[in-house]
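Since the structure comes first, as structure tokens, the remarks are kept for the end.
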Amino acid sequence: MKKPAAKPETTKPAAKKATSALHEGLPDAMRAAVDDFARHLAAERNRSEHTVRAYVGDVVSLLDHAARAGTNTPGDLTLAVLRGWLARRRAAGAARTSLARHAAAARTFTAWGHREGLLAADPGQRLASPKAHRDLPTVLRADQAESLVTAPAGRDDAVGLRDRLVLELLYATGIRVSELCGLDVGDVDRMRRVVRVIGKGDKERAVPYGLPAEQALTEWLRHGRPALATRASGVALLLGARGGRLQPTAARRLVDGHARATGLPHTSPHDLRHSAATHLLEGGADLRSVQELLGHASLASTQIYTHVSIERLRSAYDQAHPRA
């Protein structure tokens, strides 16, 4: 079975330390429950390390709040306790997106606790949370995207060839940076020009790419990768300067570095993903196809790009129409 994509970056040490301190201060029954919940998320629901860490941090915060209110076991959790915790987080300045995640973590925990017999009822079923406000993603114009992905074209050294392939693949496929860095040489089907990607939840999908990316891939495999490869390279498709697998942090730096060199503002790999999705829809691709390419579990996640297209149309209309 193919290995999972590269792991996301860890949280800040201070946040880990704070969560650990709260965890140690919980009553025994609560501490045991949150530990079992963490194992459930990782082993049974196959959640990523990042998701497990975030949910556990939220649940530890919830149980600490409950313990301070005189609750000693998960079975004593009530809707009032859950609402009081969210109100406390809101008063502390938590954003709507954070509050929505806190509420989701609480509901997941109480539903699990109810199934496990730790709670007689599930108070999280009635816990409402504010809908997260979603800003429209940053999207490059087609000419800006072309300038960016061709920025390293004049460099024929190994790093330049690598950077060109990274940019071409990110824009051509719209895959996540962790998915890109997790690619192995054998994940590329050059006959059909598709890459096999392991996305969230270890779900595999095939994503096509175009001729410019194929040309960049050819140059990289012929001249770039052999120059950087070491015993530590293994089967990784993309390599760092020392021969190991290219890491997401390095990929983010190179994308932003080339963006700034071409006169663009701060640009991330996810901005290229947003741009690819928007340009596909503007070129006539249907929403379901774009959803499948991006690996979105829900069509609602993909629909944000229709709003981007409408906003771009609105902007063009306002600038150009005499009676706008």
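For reference, positions follow the sequence shown, starting with 1. Values below: all heavy atoms of this structure, side chains included; hydrogens, waters and symmetry mates excluded.
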Closest non-hydrogen atom pair, S147 against T150:
O-OG1, 3.4 Å
Are T267 and Q144 side-chain neighbours, meaning at least one heavy-atom pair lies under 4.5 Å?
no
Close side-chain approach of E179 and V207, heavy atoms under 4.5 Å:
no
D157 bridged to R155 by N-O distance under 4.0 Å
yes
Between S178 and P248, the two heavy atoms sitting closest are CA-CG, 4.4 Å
Does a side chain donor of either R190 or T218 reach within less than 3.5 Å of an acceptor in the other side chain?
yes
With side chains defined as the heavy atoms from C-beta onward, is the minimum distance between V177 and H270 less than 4.5 Å?
no
Counting C-beta onward and ignoring hydrogens, is there a side-chain heavy-atom pair between T230 and R242 closer than 4.5 Å?
no
If hydrophobic clusters are built by linking Ile, Leu, Val, Met, Phe, Trp and Tyr wherever their side-chain heavy atoms come under 4.5 Å apart, do L127 and L99 end up in the same one?
yes
Start with the C-alpha gap between L237 and L217, add the side-chain angles, then the distance that decides, and say whether side chain to side chain contact (heavy atoms under 4.5 Å, CB included) holds.
CA-CA 10 Å; L237 175 64; L217 178 64; 4.0 Å; yes
Side chain to side chain donor-acceptor pair (under 3.5 Å) contacts touching residues 23-38 (sequence neighbours left out):
H23-D35, D28-R31, D36-R39
Inter-residue atom distance R89.CZ - H102.NE2, 0.5 Å rounding:
4.5 Å
Are V195 and L221 in one and the same hydrophobic cluster, where Ile, Leu, Val, Met, Phe, Trp and Tyr link if side-chain heavy atoms are under 4.5 Å apart?
yes
So how far is it from T262 OG1 to E146 CD, rounded to the nearest 0.5 Å?
12.0 Å
Shared hydrophobic cluster for L79 and W85 (ILVMFWY, side-chain gaps under 4.5 Å):
yes
Looking only at heavy atoms, which two atoms of R107 and A128 are closest? And how far apart?
NH1-C, 4.3 Å
Please report the interatomic distance CG(L161) to CZ(R222), rounded to the nearest 0.5 Å.
12.0 Å
How about R253 and T249: do any of their side-chain heavy atoms sit closer than 4.5 Å?
yes
Membership question, hydrophobic clusters at under 4.5 Å side-chain separation (ILVMFWY): are L280 and Y209 in the same one?
yes
Could D184 and R245 be called an ion pair, given the rule that one side-chain N must be under 4.0 Å from one carboxylate O?
yes
Could you pull out the closest heavy-atom pair between A277 and V290, with the gap in Å?
CB-CG1, 4.1 Å
Taking atom CD1 of I175 and atom SG of C181, what is their separation to the nearest 0.5 Å?
8.5 Å
Do L228 and W220 have side chains that get closer than 4.5 Å, going by heavy atoms?
yes
Between R288 and E292, is the closest basic N to carboxylate O distance under 4.0 Å?
no
Using a distance-only test with no angle check, is there a side-chain donor-acceptor pair under 3.5 angstrom linking T73 and D76?
yes
Say you draw a straight line from CD of E168 to OG1 of T173; how long is it, rounded to the nearest 0.5 Å?
10.5 Å
With heavy-atom distances below 4.5 Å as the criterion, would you say the side chains of E219 and R164 are in contact?
no
Side chain to side chain contact (heavy atoms under 4.5 Å, CB included) between D58 and R101, worked out
CA-CA 8 Å; D58 288 341; R101 194 201 71 196; 2.8 Å; yes
Assess whether side chain to side chain contact (heavy atoms under 4.5 Å, CB included) is satisfied between H266 and R260, documenting all intermediate values.
CA-CA 7 Å; H266 170 71; R260 293 183 185 277; 3.6 Å; yes
What is the minimum heavy-atom distance between G174 and R273, and which atoms define it?
O-NH1, 2.6 Å
Quick check against the 3.5 Å criterion: does S61 have a side-chain atom that pairs as donor or acceptor with the backbone of G57?
no
Keeping the roles fixed (side chain from D271, backbone from S268), state whether a donor-acceptor pair exists under 3.5 Å.
yes
Taken to the nearest 0.5 Å, the spacing of L287 CG from L299 CG works out to 4.5 Å
Please list all pairs meeting ring-ring contact (aromatic ring centres under 6.0 Å, His included) that have one or both residues in residues 165-197, counting only residues at least two apart or in different chains.
Y171-H279
If you compare all heavy atoms of L167 against all heavy atoms of V255, which two are closest, and at what distance to 0.1 Å?
CD2-CG2, 3.9 Å
Is a side-chain N or O of S275 found less than 3.5 angstrom from the main chain of L140, in a donor-acceptor match?
yes
How are the rings of F109 and F37 set relative to one another: parallel (under 30°), tilted (30 to 60°) or perpendicular (over 60°)?
perpendicular
So, do P269 and R176 sit near enough that their side-chain heavy atoms are less than 4.5 Å apart?
no
Between V166 and R162, is the side chain to side chain contact (heavy atoms under 4.5 Å, CB included) condition met? List the steps.
CA-CA 6 Å; V166 166; R162 191 269 321 272; 3.8 Å; yes
Please tell me whether V159 and L169 are part of a single hydrophobic cluster in this structure, the criterion being side-chain heavy atoms less than 4.5 Å apart.
no
